[in-house]
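Position 1 is the first residue of the sequence; numbering continues from there. On a predicted model such as this, the values are computed, not experimentally measured, just so you know.
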Amino acid sequence: MQLGALRLDRDIRSILSYLSSQSSYSSGSLRESFSRLQQIATLLTLDSPEEAEEVLSATGNRLTNSEVKTIWAMRSVAFLPTVEACARC
């Protein structure tokens with residue numbers, strides 16, 4: 001799962017970069033449009049709920065508590081017990 005999450009994160013960054021170079025929109029408005037998707041991809045690459053909480057608070061969380069919990073649950077069956085430990089959830 002970790003490698004898939006890293007690939008997703010890289011692909012989102014590549015798409016954003018491509019659209020920024022092809023679009024008449026400012027790169028800031030494109031980044032704003034992609035911010036939730038980027039946070040989802042970032043959550044999938046992190047190792048612990050504590051790390052997720054730290055990253056989300058530092059980057060200006062755009063996800064609801066319910067969404068964060070759902071995303072953590074998607075990671076893997078092995079991570080399901082840590083969903084309950086997530087203070088943000």
Exercise. Looking at residues at least two apart in the chain, or sitting in another chain, which of them share a side-chain contact (heavy atoms from CB on, under 4.5 Å) with Ile12?
Worked result: Leu8, Phe34, Leu37, Gln38, Ala41

Problem set entry | Partners meeting side-chain contact (heavy atoms from CB on, under 4.5 Å) with Ile40 (sequence neighbours left out) | Leu44, Leu63, Ile71

Exercise. Can you list the residues that meet the side-chain hydrogen bond (donor to acceptor under 3.5 Å, both in side chains) rule with Ser33, with sequence neighbours excluded?
Worked result: none

Problem set entry | With Glu67 via side-chain hydrogen bond (donor to acceptor under 3.5 Å, both in side chains) - residues at least two apart | Arg36, Thr64

For this session: May I ask you to test the Leu56-Thr42 pair for a side-chain heavy-atom distance under 4.5 Å?
Result: no

For this session: Measure the spacing between OG of Ser20 and CD1 of Ile15 and express it to the nearest 0.5 Å.
Result: 11.5 Å

Exercise. How long is the gap from OG on Ser48 to CD on Glu53, to the nearest 0.5 Å?
Worked result: 9.5 Å

For this session: For the pair Ser17 (side chain) and Ser14 (backbone), establish whether a donor and an acceptor sit closer than 3.5 Å, ignoring hydrogens and angles.
Result: no

Exercise. Taking atom CD of Glu51 as the centre, does the number of heavy atoms from other residues, nucleotides or ligands within less than 6.0 Å exceed 12?
Worked result: yes

Seminar exercise, completed: Residues passing the salt bridge (Lys or Arg N to Asp or Glu O under 4.0 Å) test with Arg13, sequence neighbours excluded, are Asp9

